[in-house]
Structure formats: C-alpha cells, structure tokens
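Below: the structure, in structure tokens.
We use all heavy atoms of the structure for the numbers below, so side chains are in, but hydrogens, waters and symmetry mates are not. Counting from 1, the numbers follow the sequence of the chain as shown. Because the structure is predicted, anything quoted here is derived from the model rather than measured.
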Amino acid sequence: MAENKQEKISSESMEGGNSTTRVTAAADKYRSILNGEEAATTQWRHGGPPKFDAVNKLFEQGRTHVWPEGSLEETVQNAIKSWEMELSHKIHLQDFKTINPEKFKLFVNGREGLSAEETLELGSYNALLKNSLPKEFQYYKAEEETFESSHDVFRSAFPRGFAWEVLAVYSGPPTIAYKFRHWGYFEGPYKGHAPTGEMVEFVGLGVLKVDESLRAEEVEIYYDPGELFGGLLKGPPLPETKTTDSTEYSGKQSCPFTH
C-alpha cells in the first residue's frame, strides 16, 4: 500500500504567447515502465510522474530477499510494483500498460471481484481494505473514504512509505502464485492513535493471471487485515485537541498501498 515522494521534471517554451510543458518520468529501477514516460501522452493524478526515492530506500534497507536480476521473483516483484504505481498515480485506464482493462478483475479475501474501473475509482487502499463486518468492528471504513482521503490516512501513518516485497513465487505465467510482505514504520498518527515508531508489517498470498503480453487480467489477494491494524491501534489515543492532520507529521508525500 505505500510509497513515494512526488516530484516532476518540466521544461517550458514560449511561442506566440503560448506555453507548453513536457513532464518526463525519472528513471526507477523497480518500475521500468516509468522510464522515459511523458505527460504528453499520460495524465497523472498529481500533475506529473511520481518519484519513489523514499520508499525505494525503505525497501532496500528492510527487504529480506535480494532476487537475482532477471529471475522470476524479481520479474513478478517489479511487475506488481509497476501495477500499483499506475493504479495510484494514473487517471485514465487507457494510459495503463500493466493490465488488460477489458478483462481485469481484483479479488480480495474472496470478496466479489472489482473491475478495472471500480478499482481505479476506489483506489488501492479502499479496494484492499473494504469489508462487510458490522461498522462497530471496522477499524477502517472504506465506504466513508475517498481515493484521496484514503491515501492521506496512510501517508500520515507511514511518512517514509509502506514498502512491498515478494517472498516467494510458486508458479510462473500465465498463472503466477506468490507470497508477499508489506511493511513500514508507524511514525505518524492513524485515526486518532499516536504513532509508536514501531515497524508494522503483514504477509499475504496472491494469484496473478496474465495475458501473453504479461498484462494482468485477474489479481487475487489474501491477507489478514488484523496484522496491519493490530500495529496501528497500539498507539495511545491522541488528545482531542491535538490535530491528526498528516502535515503535522510529514511532508507532501504520496503513499500508495503496495511498493
């Protein structure tokens, strides 16, 4: 769910009183589809392509595996990081390179599948944390959050980002089964709970079905949300007079759910 500090590189030219802006993505070794991509053909949610320096650093410091270059594990890891990047930062499905929009479905913990349009509208946090428990047992109410507010909540809790890695890959394409780990440091407030500074992590399983171009057609994810919220709810309640706005604890960062 987590990750990056937004940054863009632009150049402007003035001809006849008109200005044109060209925004080019910075190189990213884990999300190669970003490299050289321009805003002339892609509409970005935050005005320009994202930069992942902060979460890449967290990932490299905390990962448990360094997969060989070109291995199946590295390929799957980078593919899912790229898919999550597009989901969190691109506005239009026609700009996506990692999914087949006509066939795409996202299934989380056995719930009904979400189409590409529904997933993009909800955002990664809301899609992954939606549940049917009675409201008094919901630690996160996805139906009450927008795309932007959901990212604000976790940007606040994990100002350094929420890193993601592949732990194991059990089968190759077209049906890829894998195990993953998500982690970050609870250094900002979460829903009225003070940060503990401790690492929060959870482990899950996924099944990714891809087409001949390795675009995702179905994604199934299974994990225990209690592992995530158990860490976030450990913090003592904040005084009611104290703001829990994310800007008190962190700078302007974007914090997608996965990698």
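- With sequence neighbours excluded, no residue forms a side-chain hydrogen bond (donor to acceptor under 3.5 Å, both in side chains) with K57.
- Here the side chains of I221 and N109 are not in contact, with every heavy-atom distance at 4.5 Å or above.
- Closest approach of L87 and S124 over heavy atoms only: CD2-CB, 3.7 Å.
- The backbone N or O of M85 lies less than 3.5 Å from no partner atom in the side chain of S88, so there is not a single donor-acceptor pair.
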*asked:* Working note: R181 + E201, criterion salt bridge (charged side-chain N to carboxylate O under 4.0 Å, His left out); need CA distance, chi angles, decisive distance, verdict.
replied: CA-CA 7 Å; R181 170 178 170 253; E201 66 179 336; 2.7 Å; yes
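- Under the side-chain hydrogen bond (donor to acceptor under 3.5 Å, both in side chains) test applied with R31, the options T98, N56, N78 reduce to a single match, N56.
- Of the possible polar contacts, none joining the S156 side chain to the D152 backbone as a donor-acceptor pair under 3.5 Å is found.
- In this structure, L72 and P173 approach most closely via the heavy-atom pair CD1-CD, 4.1 Å.
- Annotation: side chain of E86 is in contact with side chain of I33 (closest heavy-atom distance under 4.5 Å).
- A distance-only check finds a donor-acceptor pair linking the side chain of S171 to the backbone of A177 [under 3.5 Å].
- The environment of CD in Q94 is crowded: more than 12 heavy-atom neighbours from other residues, nucleotides or ligands sit within 6.0 Å.
- Other residues sharing a hydrophobic cluster with F107 under the 4.5 Å side-chain heavy-atom criterion for ILVMFWY residues do not exist; the residue is a singleton.
- Contact annotation: the side chain of L232 never approaches that of Y140 to less than 4.5 Å [non-hydrogen atoms, C-beta and beyond].
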*Would you sort out whether F52 and Y30 count as a ring pair (Phe, Tyr, Trp, His ring centres under 6.0 Å), showing the intermediate values?*
CA-CA 9 Å; F52 291 85; Y30 304 115; 9.7 Å; no
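- The environment of K105 atom NZ is dense: over 12 non-hydrogen atoms of other residues, nucleotides or ligands sit within 6.0 angstrom.
- No side-chain donor-acceptor contact under 3.5 Å links Y190 to the backbone of G231.
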Donor-acceptor contacts, no H, no angles, side chain residues 204-212, under 3.5 Å, sequence neighbours left out:
unit_1	atom_1	unit_2	atom_2	d
D211	OD1	S213	N	2.9
D211	OD1	L214	N	3.1
D211	OD1	R215	N	2.8
D211	OD2	R215	NE	2.9
D211	OD2	R215	NH2	3.1

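- Cluster annotation: F147 and L122 are assigned to distinct hydrophobic clusters (Ile/Leu/Val/Met/Phe/Trp/Tyr, side-chain heavy-atom contacts under 4.5 Å, transitive).
- Using a 4.5 Å heavy-atom threshold, the side chains of W183 and T64 count as separate.
- Atoms CD and CG, on E217 and N100 in that order, are 5.0 Å from each other to the nearest 0.5 Å.
- The ring-ring contact (aromatic ring centres under 6.0 Å, His included) search around F96 returns none, not counting sequence neighbours.
- Put simply, the side chain of W67 gets close to the backbone of V166: a donor and an acceptor are under 3.5 Å apart.
- Counting non-hydrogen atoms of other residues, nucleotides and ligands closer than 6.0 Å to NZ of K179 gives a total of 12 or fewer.
- Classified by interplanar angle (parallel below 30°, tilted 30° to 60°, perpendicular above 60°), the ring pair F158/F154 is parallel.
- Shortest non-hydrogen contact noted between E145 and S150 is OE1-N, 4.0 Å.
- Contact detail for L238 and A194: the closest heavy-atom pair is CD2-CB, 3.5 Å.
- Across all their heavy atoms, A127 and T119 have their closest contact at CB-CG2, 4.5 Å.
- A donor-acceptor pair under 3.5 Å is absent between the side-chain atoms of H89 and the main chain of W44, judged by distance alone.
- Both F229 and Y223 are assigned to one and the same hydrophobic cluster, defined by single-linkage of ILVMFWY side chains at heavy-atom distances under 4.5 Å.
- Panel note: side chain Q43, backbone H92; no donor-acceptor pair is recorded below 3.5 Å.
- Electrostatic pairing of R63 and E74 does not count as a salt bridge here, judged by no charged N lying under 4.0 Å from a carboxylate O.
- V76 and L167 sit in two unconnected hydrophobic clusters of ILVMFWY residues. Membership requires side-chain heavy atoms under 4.5 Å apart, directly or through other members.
- Hydrophobic clustering, with ILVMFWY side chains joined whenever heavy atoms are under 4.5 angstrom apart, keeps L128 apart from V203.
- Taking both residues in full, the closest heavy atoms of K90 and D95 are given as NZ-O, 2.9 Å, listed atom of the first, atom of the second, then distance.
- Listed by first then second residue, pairs satisfying salt bridge (charged side-chain N to carboxylate O under 4.0 Å, His left out) with a partner in residues 111-138 read K135-E143, K135-E144, not counting sequence neighbours.
- Rounding to the nearest 0.5 angstrom, the gap separating the OG atom in S115 from the CD atom in E102 is 11.5 Å.
- With contacts defined as side-chain heavy-atom distances shorter than 4.5 Å, the pair K234/F186 does not qualify.
- A heavy-atom distance below 4.5 Å is found between the side chains of W83 and I99.
- Qualifying ring-ring contact (aromatic ring centres under 6.0 Å, His included) partners for Y139, counting only residues two or more places apart in sequence or in other chains: none.
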*side chain to side chain contact (heavy atoms under 4.5 Å, CB included) evaluation trace for H46 with E148*: CA-CA 11 Å; H46 301 104; E148 295 298 339; 3.9 Å; yes
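- Interatomic distance, CZ of F180 versus CZ of F202, reported as 5.5 Å (0.5 Å rounding).
- Taking 4.5 Å as the limit, some side-chain heavy atom of L228 sits within range of a side-chain heavy atom of V200.
- Using a 4.5 Å cut-off on side-chain heavy atoms (C-beta onward), P49 and T42 make no contact.
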